[in-house]
Amino acid sequence: MASKLLLDLDPGRGFTVRFMVVESPGSSDRPSGRLSAQQVNLWLAIATAGAVMTGLISWAVGTEWSRLWTLLHAVFGVMVVVLAPTKARGSVATGLRRGRATRWLSIVFGLLVLGAVALGFLHTTGLWTGIGYWSPLWTHQLLAFASLPLLVWHMLARQRPRRVDLDRRMVLRGGAAIGVAGALVGGVEVGLRLLGGAGTHRRFTGSFEVGSGDPSKMPTVSWINDQAPDIDLDDWPLRIAGASVDVAELASATHQRAAALDCTGGWWSEQEWDVVPISDLLPADARSFEVRSATGYAVRFPMADANNVYAAVGYGGEPLRRGHGAPVRIVAPGRRGPWWVKWVTEITPSDRPWWLQSPFPTT
Ligand SMILES: Nc1nc2c(c(=O)[nH]1)N[C@H]1C(S)=C(S)[C@@H](COP(=O)(O)O)O[C@H]1N2
Ligand SMILES: [Mo]
């Protein structure tokens with residue numbers, strides 16, 4: 001007689017955990033010590049979901065708080081690799097033997113996931129640090145986003161979690177896989193420090209420093225493929241709360257503020273910005289304010305943050321370069337790059353909550 005926990009994950013019937021006393025432990029069908037194919041799949045689902053969640057958090061958060069999530073993200077990613085050989089011997093081998101036409105979708109999915117993990121590794125270690133679109137981190141995100149629909153398909157059509165033995169083996173072996181992944185991540189970090197690898201100098205977001213204190217060395221990037229608008233800088237159509245504002249007038253009211261621009265593409269750069277806090281420019285009674293670029297790129301901030309979001313006209317004692325958002329851009333300390341709107345033409349208070357916006361700018 002043995003007792004075991006049954007985890008029932010049939011989506012049609014909801015989610016139940018039952019404790020049962022059963023005649024046989026039910027593990028005679030596999031060599032002792034191995035996880036069943038179902039158990040590997042469930043752990044892989046946990047690791048993949050964990051990687052997606054922590055990746056999104058680390059990606060969106062620009063404060064110290066993201067450090068833990070960036071670290072956990074690495075552990076989940078490595079866990080996928082740790083479990084991959086068992087998966088390959090189990091349901092991958094079975095699936096390939098069945099030879100369904102859709103096996104190609106599964107293969108593409110597997111390659112996207114492994115590719116994303118490999119690129120994450122290249123970025124983390126600093127073995128390859130491209131800047132701009134084809135940086136390893138940007139490509140990592142591209143593969144990860146591309147794999148999401150396939151992940152959903154794979155889970156629903158191929159590896160729909162069913163009743164799984166949540167037995168001692170499942171917990172111990174899975175826990176061991178997490179432990180191995182954690183140790184590998186720790187080992188890489190220690191190794192980087194011993195070897196003095198570039199990867200040692202990552203910010204808590206995982207980004208590498210470029211051109212701090214030297215605006216001419218700061219990269220110029222866009223969110224998707226936005227470009228500097230062709231508008232006369234001396235006749236810039238800036239409107240704040242509906243009224244026309246002269247950029248020169250704005251420039252005469254600035255003070256200096258050091259802040260790091262931390263692009264989700266994997267680099268950061270700190271400059272001394274010439275700024276005016278948005279709270280000096282808008283009435284405080286609205287819920288949010290929208291900042292819109294001449295290009296149509298726009299984001300919405302909570303009004304409560306208006307004293308820590310700035311309109312900037314210069315850096316390092318010189319006016320902004322065109323690529324860096326001249327004549328007016330947003331400086332948003334503690335927020336990732338996408339919030340730092342360039343070529344600002346409108347700052348508008350509104351009663352809509354700030355979170356009522358597309359999760360990403362669409363230009
Ligand atoms: N109008 C506009 N502003 C934008 C973007 C954009 O594509 N369009 N990209 C954002 C992103 S993702 C980053 S990282 C920074 C890059 O600023 P930089 O080119 O000055 O380094 O600008 C932000 N502001
Ligand atoms: Mo960015």
Side-chain angles (χ1 to χ4, degrees), residues 55-56 58-63 66 123 129-142 144-145 202-203 205-231 233 236-239 247 257-275 278 289-301 309-316 318-348 357-363:
L56 286 174
S58 159
W59 190 63
V61 174
T63 54
S66 73
H123 169 81
T129 52
I131 291 297
Y133 275 0
W134 301 112
S135 72
L137 194 63
W138 195 86
T139 319
H140 164 88
Q141 291 157 10
L142 186 71
F145 277 112
R202 275 169 298 142
R203 202 166 178 248
T205 52
S207 294
F208 290 96
E209 191 277 320
V210 185
S212 286
D214 185 354
S216 69
K217 297 236 170 59
M218 186 170 85
T220 296
V221 301
S222 65
W223 172 246
I224 299 172
N225 66 348
D226 217 359
Q227 266 160 29
D230 192 13
I231 301 175
L233 294 187
W236 192 257
L238 175 63
R239 293 184 76 81
V247 175
R257 167 79 157 91
L261 169 52
D262 190 333
C263 175
T264 49
W267 59 269
W268 65 274
S269 188
E270 185 176 74
Q271 308 296 340
E272 284 283 343
W273 304 90
D274 302 312
V275 299
I278 300 297
F289 60 93
E290 191 196 53
V291 178
R292 185 167 283 276
S293 167
T295 65
Y297 183 101
V299 294
R300 182 180 294 277
F301 296 84
V309 177
Y310 305 86
V313 297
Y315 45 10
E318 46 182 312
L320 295 174
R321 284 165 180 72
R322 187 139 208 152
H324 290 150
V328 184
R329 81 171 303 162
I330 290 295
V331 162
R335 290 175 183 264
R336 299 300 296 269
W339 296 91
W340 295 51
V341 183
K342 301 193 277 191
W343 314 298
V344 171
T345 48
E346 279 172 60
I347 304 176
T348 317
Q357 65 182 320
S358 139
F360 326 109
T362 46
T363 32

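Both ligands and their constituent atoms are indexed starting at 1 by order of listing.
Centroid-to-centroid, the aromatic rings of Tyr315 and Trp340 stay 6.0 Å apart or farther.
In this structure the side chain of Phe289 reaches within 4.5 angstrom of the side chain of Ile347, judged on heavy atoms.
Counting only distance, with no hydrogens or angles, the side chain of His123 and the backbone of Gly206 share a donor-acceptor pair below 3.5 Å. Ser222 contributes a side-chain N or O that, together with a main-chain N or O of Asp226, makes up a donor-acceptor pair within less than 3.5 Å. Side-chain atoms of Arg336 come within 3.5 Å of backbone atoms of Cys263 as a donor-acceptor pair (strictly under, hydrogens ignored).
Counting all heavy atoms, side chain and backbone alike, Arg203 lies closest to Gly62 at NH1-O, 4.2 Å.
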Expected rows: ligand 1 N/O, protein N/O, dist below 3.5 Å:
{"unit_1": "ligand 1", "atom_1": "1 (N)", "unit_2": "Asp226", "atom_2": "OD2", "d": "3.2"}
{"unit_1": "ligand 1", "atom_1": "1 (N)", "unit_2": "Ser293", "atom_2": "OG", "d": "3.2"}
{"unit_1": "ligand 1", "atom_1": "1 (N)", "unit_2": "Lys342", "atom_2": "O", "d": "3.3"}
{"unit_1": "ligand 1", "atom_1": "3 (N)", "unit_2": "Lys342", "atom_2": "N", "d": "3.0"}
{"unit_1": "ligand 1", "atom_1": "7 (O)", "unit_2": "Trp223", "atom_2": "N", "d": "2.7"}
{"unit_1": "ligand 1", "atom_1": "8 (N)", "unit_2": "Asp226", "atom_2": "OD2", "d": "2.8"}
{"unit_1": "ligand 1", "atom_1": "9 (N)", "unit_2": "Trp223", "atom_2": "N", "d": "3.3"}
{"unit_1": "ligand 1", "atom_1": "17 (O)", "unit_2": "Arg329", "atom_2": "NH2", "d": "3.1"}
{"unit_1": "ligand 1", "atom_1": "19 (O)", "unit_2": "Val221", "atom_2": "N", "d": "2.9"}
{"unit_1": "ligand 1", "atom_1": "19 (O)", "unit_2": "Val221", "atom_2": "O", "d": "3.2"}
{"unit_1": "ligand 1", "atom_1": "19 (O)", "unit_2": "Lys342", "atom_2": "NZ", "d": "2.5"}
{"unit_1": "ligand 1", "atom_1": "20 (O)", "unit_2": "Arg329", "atom_2": "NH1", "d": "2.7"}
{"unit_1": "ligand 1", "atom_1": "21 (O)", "unit_2": "Pro219", "atom_2": "O", "d": "2.7"}
{"unit_1": "ligand 1", "atom_1": "22 (O)", "unit_2": "Arg329", "atom_2": "NH2", "d": "3.4"}
{"unit_1": "ligand 1", "atom_1": "24 (N)", "unit_2": "Trp340", "atom_2": "O", "d": "2.9"}

